[in-house]
> 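Structure in structure tokens, see below.
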Amino acid sequence: MGTKSFLTRARGLLRIQNQLVRECLAELLATFVMMTITLSSAAQKITFFETKGNLLTAYLGGALGVMAGIYVAGGISGAHMNPAFSLAMCLIEQFPWWKFPIFVVVQTLGSFISAGAVYILYYDAIWHYSNGTLTAFGPRETASIFVTYPADYVSVANGFLDQVIGTGVLILVVMGLMDIRNKAVPKGLEPVVVALLVLSIECSMGANCGCPLNPARDIGPRLFICLAGWGLEVFRWVEGRG
């Protein structure tokens, strides 16, 4: 009885009353979970020379990471995890504009922290694979664990169009799932359907640019690896990088 009352009091003291703070923490955690699973899938694929992962497992990791993030915070912040989705919600007046910059910062921060977590988790593997040199190009580059780069043949215009179409399909279908006038997804399975959607986009539109679909997914990890030792070269595109 005493233990129960202590836990009740502790829960009351630790409970965050401010709704905005709760939403921001939920969004941070959701983005962290999504990105940690996504980046870890890439790290396992690359650092073990594709003996313990391949392109399909990396795609599955990204899709299931989205599902996990939605289950973590969907009922609190909406689990946007993507500035592009937050912007779309603002445009249809389902999300207040004043929250938009706050969510963008939180989403980017969640991605930044997740990159740090994956770097620590795969620290030995990254240094072993790279022969002690952190680089963004060459046969043993490791920057692509954390960020995506376009294929050699992709122009800036084609890369831009690739991301507009891929992100547009993602947002369009998610909004279709949210529309109560459409055929409803069984309650509780919405994150699973979104994960299948992400997987389908990765499998069909991932060749040109690696299918980031999410500004926070790129900016946060790119900033982290820039500071962690890869340097400013992570912001450059080099033909035939690896």
Side-chain angles (χ1 to χ4, degrees), residues 11-40 62-120 146-148 160 163-164 166-180 190-191 193-195 197-198 201 209-228 234-235:
R11 192 181 301 116
L13 290 172
L14 295 174
R15 183 176 177 83
I16 298 172
Q17 302 296 332
N18 187 285
Q19 182 63 24
L20 178 60
V21 174
R22 293 177 64 190
E23 290 178 6
C24 287
L25 288 175
E27 191 70 10
L28 180 73
L29 184 59
T31 307
F32 173 82
V33 168
M34 175 190 73
M35 288 301 301
T36 299
I37 296 173
T38 299
L39 299 181
S40 293
L64 294 174
V66 172
M67 181 189 73
I70 298 173
Y71 275 124
V72 164
I76 303 171
S77 68
H80 295 185
M81 302 181 291
N82 185 339
F85 183 74
S86 297
L87 176 61
M89 294 295 285
C90 289
L91 291 172
I92 63 171
E93 299 182 346
Q94 295 295 311
F95 191 67
W97 280 101
W98 66 268
K99 283 186 180 180
F100 175 66
I102 299 173
F103 264 47
V104 171
V105 170
V106 169
Q107 291 157 359
T108 304
L109 180 61
S111 293
F112 182 93
I113 296 172
S114 73
V118 172
Y119 179 62
I120 294 170
F146 301 92
V147 297
T148 63
F160 177 78
Q163 288 307 290
V164 168
T167 307
V169 169
L170 173 66
I171 292 173
L172 179 65
V173 177
V174 170
M175 288 189 169
L177 293 172
M178 294 167 56
D179 193 335
I180 59 174
E190 297 91 341
V193 176
V194 174
L197 167 63
V198 172
I201 295 174
C209 298
C211 208
L213 304 176
N214 182 342
R217 181 255 179 274
D218 184 272
I219 296 171
R222 199 177 295 270
L223 287 173
F224 173 81
I225 62 174
C226 176
L227 298 173
V234 301
F235 293 99

> Among all residues two or more places apart in sequence or in another chain, which pass the salt bridge (charged side-chain N to carboxylate O under 4.0 Å, His left out) test with Glu190?
none
> Kindly indicate whether the side chain of Val173, heavy atoms from C-beta on, has any atom under 4.5 Å from the side chain of Ile201.
no
> Please walk me through it: do Val234 and Val147 pass side chain to side chain contact (heavy atoms under 4.5 Å, CB included)?
CA-CA 9 Å; Val234 301; Val147 297; 5.5 Å; no
> Find the distance between CD1 (Ile171) and CG (Leu87) and round it off to the nearest 0.5 Å.
7.5 Å
> Please report the closest heavy-atom contact between Ile102 and Cys24, naming both atoms and the distance.
CG2-SG, 3.5 Å
> According to salt bridge (charged side-chain N to carboxylate O under 4.0 Å, His left out), does anything in residues 64-92 pair up with another residue at least two apart or in another chain? List the pairs.
none
> Once the angle between the rings of Phe146 and Phe224 is folded into 0 to 90°, is it parallel (under 30°), tilted (30 to 60°) or perpendicular (over 60°)?
tilted
> For Met81 versus Val66, what's the shortest heavy-atom pair and its separation?
CE-O, 3.7 Å
> To the nearest 0.5 Å, what is the distance between CD on Gln107 and CD on Glu27?
4.5 Å
> Quick one: does Thr38's side chain have a donor or acceptor within less than 3.5 Å of a partner on Gly65's backbone?
no
> For Leu25, what residues pass the side chain to side chain contact (heavy atoms under 4.5 Å, CB included) criterion, not counting sequence neighbours?
Ile16, Val21
> Specify the closest pair of heavy atoms between Ala73 and Ala30, including all atoms of both residues, with the distance to one decimal.
CB-CB, 3.6 Å
> Taking all non-hydrogen atoms of both residues, which atom of Ala68 and which atom of Ile37 are closest, and how far apart?
CB-CD1, 3.9 Å
> Under a 4.5 Å cut-off applied to non-hydrogen side-chain atoms, are Leu91 and Trp97 in contact?
yes
> Looking at every non-hydrogen atom in both residues, tell me the closest pair between Phe100 and Ser86 and how far apart they are.
CD1-CB, 3.8 Å
> Verify the neighbour count for atom CD of Gln19: are there more than 12 heavy atoms of other residues, nucleotides or ligands below 6.0 Å?
yes
> Supply the atom-to-atom distance Leu20 CG to Ser77 OG, rounded to the nearest 0.5 angstrom.
11.0 Å
> With rounding to the nearest 0.5 angstrom, report the CZ to OG1 distance, Arg217 to Thr31.
12.5 Å
> Does any non-hydrogen side-chain atom of Met89 lie less than 4.5 Å from one of Lys99?
no
> For the side chain of Arg222 and the backbone of Phe235, is there at least one donor-acceptor N/O pair under 3.5 Å apart?
no
> Can you measure from CD (Gln163) to OG1 (Thr148) and round to the nearest 0.5 angstrom?
6.5 Å
> What heavy-atom pair brings Pro83 and Val104 nearest, and what distance separates the two atoms?
CB-CG2, 3.9 Å
> So how far is it from Phe32 CZ to Phe112 CZ, rounded to the nearest 0.5 Å?
12.5 Å
> Would you say that Ile70 contacts Met34 through its side chain, given a criterion of any heavy-atom pair below 4.5 Å between the two side chains?
no
> Do Ser111 and Ile219 come within less than 4.5 Å of each other through their side chains, counting heavy atoms only?
no
